[in-house]
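Structure, as structure tokens:
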Amino acid sequence: MTTPVLSAKPALSTLLDLDARDPLQHKKAQFVLPEGVIYLDGNSLGALPATVPARLERVIHQEWGDALIRSWTAHAQEGRDWMALPDRVAAKLAPLIGAEASEISVGDSTSVNLFKALTAALDVASPGRRVILTDADNFPTDLYVAQGLNGLLDGRYELRRVPAAELSAHLTTDVAAMMVTEVDYRTGERLDMASLTAQAHAQGIVTIWDLAHSAGAFEVDLTAARADFAVGCGYKYLNGGPGAPGYLFVASRHLQARVALSGWMGHADPFEMARDYTPAKDARRFIVGTPTVLSLSALDTALDVFADVDLKQLRAKSLALTDTFMALVAGDPDLTLVTPLDHARRGSQVSFRHPQAREAMRRLVERGVIGDFRTPDILRFGFTPLYVSYADVYRAAQAVLDVAGELRA
Ligand SMILES: Cc1ncc(COP(=O)(O)O)c(C=O)c1O
Ligand SMILES: Nc1c(O)cccc1C(=O)C[C@H](N)C(=O)O
């Protein structure tokens, strides 16, 4: 299906027709969604894939309850040993982010992976450079991790924070690494990863991309963009569940970079119990401690939802849903769109400024339209193409207009 272009406000019948022809329509039934709720918050916590509860039951009762410690190595032939779980998840993640499984380490939170990525990036950066360049509006944890690491390094680096639109102009030869989030969590603006990475490389700068609001929402191609390092969340568009493990991407050309958190599970042979650390092959070396089996199992099953998904169709639907929502809400005097209209500059969310945004979102959630309020005045709506329909968008837009009207009255 090509992306439907909706310049005028579409009627519900038009949208029901789009739903009927949607090649991803069948995916919604693969999620557990409460009756009467329109869920526009999959960019904060993805919905529950219907197959996850049974998988967790099996892991808890059979693998933990019955097989006990044997499960770390049992059934390796059938791919069910716990030890290799991070590698199996990496293999499922690889096609979604355009990487080799051997370049992905699955585990720990995104924040911890940012620490690993930044220390590795600074290790391979051009010697003598002392600037970490970032978007001033980057997600707080990205900024805090950089501040914390710099403290550990006795403040050797300057964390240079500039508006996203000015990143290009700040790619100067004193910059060691550029650390940015591809899709802004507030505005939903998407940066051009391939272009910014190429510009950074031209100045000898290594790049770290945060894919929290990208992977699973649209096709990411780290290899084509020649990205150096990347991190991302398992619990947003990948639907791995609350606190799901995050991941770290290290381009194969950088696999020799410093492993700052050198734990035993990143050792080449953990059960050799050697006195000195010898890194495991590939990105597995960036795993620190014992894999979190329950949450990894949930993420492993959740990723199966993507097995038959054409990522081009996913992107087309995401753009069509966000276009539809923008068209339907356009014209309200109190809602100011902050998400770019240009498709190339848009992630999979739509955000508006509203003078009473917190109260507006409270009322929307009360009506079953779940989005987010983000400080200071942002109403944020995430569109997960796997389980949001065009009719959902229509109903959500009506609710937004009603609430905005109520608050004006
Ligand atoms: C861009 C970005 N990075 C990182 C995170 C989260 O990191 P963590 O999973 O460590 O809480 C989020 C959301 O929480 C985010 O939006
Ligand atoms: N990780 C979260 C959490 O533990 C509680 C509430 C929200 C979150 C989020 O993921 C926030 C999200 N990164 C954001 O873009 O705002």
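Computed from a prediction, not measured in an experiment: that's the story for all the values here. Every number for a ligand or one of its atoms is a count from 1 in the order of the listing.
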Closest non-hydrogen atoms of R380 and Y185, given as atom of the first, atom of the second and distance, are NH1-O, 2.9 Å
Heavy-atom nearest pair, P53 first then A50, reads CD-O, 3.4 Å
Who pairs with N150 by side chain to side chain donor-acceptor pair (under 3.5 Å), at least two apart in sequence or on another chain?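 Partners of N150 under the side chain to side chain donor-acceptor pair (under 3.5 Å) test: none.
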Distance filter under 4.0 Å to [X] heavy atoms, resulting ligand 1 atoms:
{"X": "H213", "value": "1 (C), 15 (C), 16 (O)"}
{"X": "T181", "value": "1 (C)"}
{"X": "K236", "value": "12 (C), 13 (C), 14 (O), 16 (O)"}
{"X": "A212", "value": "1 (C), 2 (C), 3 (N), 15 (C)"}
{"X": "Y235", "value": "6 (C), 7 (O), 8 (P), 9 (O), 11 (O), 13 (C), 14 (O)"}

Does D228 offer a backbone N or O that forms a donor-acceptor pair with the side chain of T207 under 3.5 Å? yes
With heavy atoms only and a cut-off of under 4.0 Å, state how D142 meets ligand 1: side chain, backbone, both or neither.
->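 The answer is the side chain.
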At under 4.0 Å between heavy atoms, what of S111 touches ligand 1? The answer is both
Rounded to the nearest 0.5 angstrom, the CG-CZ distance for D300 and R80 is 12.0 Å
For this session: Could you check which of D108, L211, D210 puts a non-hydrogen atom nearest to atom 2 (C) of ligand 1?
Result: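 Looking at heavy atoms only, D210 sits closest to atom 2 (C) of ligand 1.
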**Study point:** Donor + acceptor pair across side chains of W209, S214 (<3.5 Å)
**Key:**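 Short answer, no.
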**Asked** Which residue supplies the protein heavy atom nearest to atom 12 (C) of ligand 1, what is that atom called, and how far is it?
**Response**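 That would be F139 CE2, 3.4 Å.
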Nearest non-hydrogen protein atom, atom 7 (O) of ligand 1
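So the nearest neighbour among protein heavy atoms is T110 CB, 3.5 Å.
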- Name the orientation class of the two ring planes belonging to H254 and F229 (parallel below 30°, tilted from 30 to 60°, perpendicular beyond 60°). parallel
May I ask you to decide whether R130 forms a salt bridge with E158, counting only side-chain N to carboxylate O separations under 4.0 Å?
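Judged by the 4.0 Å cut-off on N to carboxylate O distance, R130 and E158 do not form a salt bridge.
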Lys/Arg-Asp/Glu bridge criterion (N-O < 4.0 Å) met for K312, D310: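 A salt bridge is absent here (no side-chain N lies under 4.0 Å from a carboxylate O).
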(message) Set out, in order, the CA-CA distance, both residues' side-chain angles and the distance that settles salt bridge (charged side-chain N to carboxylate O under 4.0 Å, His left out) for R346 and D323, then state yes or no.
(response) CA-CA 10 Å; R346 193 190 306 164; D323 275 346; 2.9 Å; yes
Protein N/O near ligand 2 N/O, under 3.5 Å, which pairs?
from, atom 1, to, atom 2, distance (Å)
ligand 2, 1 (N), Y235, OH, 3.0
ligand 2, 10 (O), K236, NZ, 2.9
ligand 2, 13 (N), K236, NZ, 2.5
ligand 2, 15 (O), H213, NE2, 3.1
ligand 2, 15 (O), R380, NH1, 2.8
ligand 2, 16 (O), R374, NE, 2.7
ligand 2, 16 (O), R374, NH2, 2.8
ligand 2, 16 (O), R380, NH1, 3.3
ligand 2, 16 (O), R380, NH2, 3.4

Close side-chain approach of Y247 and L238, heavy atoms under 4.5 Å:
yes
